[in-house]
Amino acid sequence: MTLDRSAGLAETARALAAGEVTSRALVEDALARIGATQNTLNAFRIVRTEAALAEAAAADEELAAGVRRPLLGVPVAVKDDMDVAGEPTAFGCPGEFPPVAEDGEAVRRLRAAGAVVVGKTNTCELGQWPFTEGPAFGATRNPWSTEHTPGGSSGGSAAAVAAGLVPAALGSDGAGSVRIPASWTHLVGIKPQRGRISTWPLGESFQGITVNGTLARTVADAALLLDAASGNHALDPHQPPTLDISAAVGRDPGRLRIALALKPPFTAAPARLLPEVRARVVELAEKLAASGHSVEEADPPYGGIGLTFVPRATAGIAERVAQVPFPALLDPRTHGAARLGRLLGGAPLRAARRAEAVLHRRIGGFFETYDVVLAPTTAAPPPRIGAMHGLGGLATDRAMIAACPYAWPWNVLGWPGVNIPAGFVDGGLPVGAQLLGPANSEPLLVSLAAQLEADLRWHERWPELAALDSPAA
C-alpha cells in the first residue's frame, strides 16, 4: 500500500506508525513524482535517490522494532541553503560546490525526528529575489500555472509541496521568502520567531533577518514540521523559549483584536496593492469578523524601518559572496548588492542593528491595542517566468518592491508571521495573506490560522496535477 498525494505530514506519520505503509514505499513514490515533474516544475536542485532509499530502509527497521519518533520514515525536502551531510550547498549559485561534512542544525533535528530528506530544493541566487530562476538550474515553475513563478526564494520547496511531491518542506525567509512562495502556491507558510529553527552553522543568517521556516498544505502539518525542526545549537545567539506549536492547532484563539493593515510600509520605490488582491484579503477580514473577532483597519507604526533593512540584507549578501567558490559566475545584480553591502557594512550596519530595539518598543506598543495584524502577503499575483530576467539591479529592486512590499518588516523585527491562502485572482493564480504577531506569538497565530482553515478548507483545492507529469529527465 502507498498513500496518494493528498496525504499530509501528520497523516503520513500516522500511517507509518500504524504499519499501513512502509517508508520505502513512500520514498519511492516521492522520488517517482519528483522525476515525473522535474522537466515541468524543476523543483529540486539535488535528488538524494540512493541515500533516501537507504534511510527509508533503516526507518522501516526501526518502525518494525517498535521505535516511534514524530516523523519516522516520512519523506520531506529542504531548501538548498541548508547543509545536508554529503551534499553540496550551492544556495542557487552556479559552479561546483564541495559536499559538506555535517548536517546543519535544522536538518539534524529533522533527522532526529525520523524524517527522510529526499532532496534539496531550488532557490534563486543567495535567496535575494521573489522568483526562483537562474543560470545554475533554470526556472522553477508554479504548479498552479507553469507560465508563472512559484515565488522565491523558497520557490522549490513551495512548488514541491503544492504539487504533492512531498507533504512538507523547509524553506528560509529573509524578506518573505517562505511567506511569498506560500502565498503564490496556495500553501501555509510559517516564518517563526528568530532562532526558533536554528540557522547553524551560521549563528545569524544575513545579519539576523533570515530565519528557517516551514511550508505545508495545512496549518497542522506546517506546525508539526516546525516543532520537529525547532531547537538550538549550543552556540546560537538567539534561543527563544521552547513552544509546543502543534498544541495550538484546534485551540480556540478567543476573541481577538485584529488590525487589517492594507497600506504598504514605506519603501524607496512605489508599491500599490492591486484591487483583486485587496478584495481577497478583505474577504478574509470579513470571515474573521463573522467568527467573532474585532477587525478594524490600522497600520503598524513602521516609520523608517526600511533604512534598517537594507544594510543588513546587503551586508549579508556581501558575506555570502565572499564564500562562493566561483564568484565570477554570479549574477551582476548579486555583485551590485554585495558592493552596496560592503559600503554599508560599518557604521550604517551597526546603526541598523541598534535600531531594532527601538522598533521593538514602537511596534510592540501597537500590540497593546491589537493582538494580531492581518496584511496582504504580496501586492500582486505571481509574475510570469522570466519577467525579471535581464533587468539591472535597480529595475529588479523596483519590480520586487512593487510586487512584494509587505513581508520584509517582520524580518527586521524577528517576530513570527504565518501566510494563509486567501484565494485566487486572474483566472486561477493564488494569493495569500499574513497573520503577524509580536515576539513568540506562533501559538496564537497558528490557532487563528487553523480556525480559518476549518472554515475555508483551502487544503482541499489542488492544481491540475496531470498536466505536470512528463517523462523523467
Query - Ser157/Lys79 under side-chain hydrogen bond (donor to acceptor under 3.5 Å, both in side chains): CA gap, chis, key distance, verdict - result: CA-CA 6 Å; Ser157 287; Lys79 183 177 179 179; over 6 Å; no
Query - Audit row: Leu448, Leu288, side-chain contact (heavy atoms from CB on, under 4.5 Å) steps and yes/no - result: CA-CA 9 Å; Leu448 182 58; Leu288 289 166; 3.6 Å; yes
**Report entry** salt bridge (charged side-chain N to carboxylate O under 4.0 Å, His left out) between Lys263 and Glu297, intermediate numbers included
**Finding:** CA-CA 10 Å; Lys263 182 180 178 182; Glu297 287 198 38; over 6 Å; no
Report task. Verify side-chain contact (heavy atoms from CB on, under 4.5 Å) between Arg217 and Leu187, making sure each step is shown before the conclusion. Result -> CA-CA 5 Å; Arg217 298 188 59 79; Leu187 297 177; 3.9 Å; yes
Query raised in the report: Given Glu283 and Lys287, is the salt bridge (charged side-chain N to carboxylate O under 4.0 Å, His left out) satisfied, shown in steps?
Result: CA-CA 6 Å; Glu283 286 171 4; Lys287 284 281 186 185; over 6 Å; no
**Report entry** Residues Thr199, Arg194; criterion side-chain hydrogen bond (donor to acceptor under 3.5 Å, both in side chains); working and verdict
**Finding:** CA-CA 9 Å; Thr199 54; Arg194 183 183 298 147; over 6 Å; no
Report task. Kindly determine whether Leu243 and Arg196 satisfy side-chain contact (heavy atoms from CB on, under 4.5 Å), including the steps that lead there. Result -> CA-CA 9 Å; Leu243 297 175; Arg196 178 79 58 216; 3.2 Å; yes
Report task. Begin with the C-alpha distance, continue with both residues' side-chain angles, and end with the deciding distance and a verdict on side-chain contact (heavy atoms from CB on, under 4.5 Å) for Cys404 and Thr378. Result -> CA-CA 5 Å; Cys404 304; Thr378 68; 4.2 Å; yes
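At least one donor-acceptor pair under 3.5 Å links the side chain of Arg179 to the backbone N or O of Ala407. Side-chain atoms of Gln434 do not come within 3.5 Å of backbone N or O of Asn419 as any donor-acceptor pair. When atom types are taken as modelled, the side chain of Trp144 and the backbone of Thr185 share a donor-acceptor pair closer than 3.5 angstrom. No side-chain donor-acceptor contact under 3.5 Å links Ser154 to the backbone of Gly171. In terms of modelled atom types and a separation under 3.5 Å, the side chain of Asp83 and the main chain of Gly104 share no donor-acceptor contact. Formation of a donor-acceptor pair under 3.5 Å by the Asn232 side chain with backbone atoms of Ser198 is not found in this model. Thr12 places a side-chain N or O within 3.5 Å of a backbone atom of Gly8 that can act as its donor or acceptor partner. Listed for the Asp80 side chain is no donor-acceptor partner under 3.5 Å among the backbone atoms of Lys120. The backbone N or O of Ala247 sits less than 3.5 Å from a side-chain atom of Asp244, completing a donor-acceptor pair. Remark: the backbone N or O of Thr123 is not paired with any side-chain donor or acceptor of Arg45 at under 3.5 angstrom.
When every heavy atom of Thr140 is checked against every heavy atom of Pro150, the shortest pair comes out as O-CD, 3.0 Å. Here the closest non-hydrogen pair linking Gly174 and Thr210 is CA-OG1, 3.2 Å. Of all heavy-atom pairs spanning Tyr302 and Ile363, the tightest one is CD2-CD1, 4.0 Å. Gly417 and Trp410 make their closest contact through N-CD1, 4.4 Å (heavy atoms, listed as atom of the first residue, atom of the second, distance). Nearest heavy atoms, His233 versus Gln239: O-NE2, 3.4 Å. Between Pro241 and Asn440, the shortest heavy-atom contact is CD-OD1, 3.8 Å.
In this structure the side chain of Asp236 never reaches within 4.5 angstrom of the side chain of His238, judged on heavy atoms. Within the 4.5 Å cutoff, the side chain of Trp415 has no heavy atoms near those of the Pro409 side chain. Between Pro300 and Tyr370 there is no side-chain heavy-atom pair separated by less than 4.5 Å. Side-chain contact between Ile190 and Val178 is absent, with no heavy atoms from C-beta onward closer than 4.5 Å. Proximity of Arg461 to Phe424: side-chain heavy atoms (C-beta onward) are separated by under 4.5 Å at one or more points. Residues His293 and Pro253 meet the side-chain proximity criterion, which asks for heavy atoms closer than 4.5 Å. The shortest distance between side-chain heavy atoms of Trp408 and Ile180 does not fall below 4.5 Å. Residues Leu53 and Arg24 have side chains in contact (heavy-atom distance under 4.5 Å, counting atoms from C-beta outward).
Heavy-atom neighbours of Glu102 CD from other residues, nucleotides or ligands within 6.0 Å: at or below the threshold of 12. Around the CD atom of Glu460, the shell of radius 6.0 Å holds more than 12 heavy atoms that belong to other residues, nucleotides or ligands.
Considering OG1 of Thr121 and CG of Asn42, their distance stands at 11.0 Å, rounded to 0.5 Å. In this structure, CG on Leu374 lies 11.5 Å from CG on Leu256, to the nearest 0.5 angstrom. For the atom pair CD of Gln38 and CG of Asn122, the computed distance is 7.0 Å after rounding to the nearest 0.5 Å. Here Glu442 contributes atom CD and Ser447 contributes atom OG; the two are 11.5 Å apart, rounded to the nearest 0.5 Å. Taken from CD1 in Ile258 to CD in Glu296, the straight-line distance is 11.0 Å, to the nearest 0.5 Å. Taking CG from Asn212 and CG from Leu202, the interatomic distance works out to 9.5 Å, rounded to the nearest 0.5 Å.
Shown are Asp60, Leu16, Leu63; of these, the side chain to side chain contact (heavy atoms under 4.5 Å, CB included) with Leu72 is made only by Leu63.
Not less than 6.0 angstrom separates the ring centroid of His186 from the ring centroid of Trp462.
Annotation: salt bridge (Lys or Arg N to Asp or Glu O under 4.0 Å) contacts of Glu276 (sequence neighbours excluded): none.
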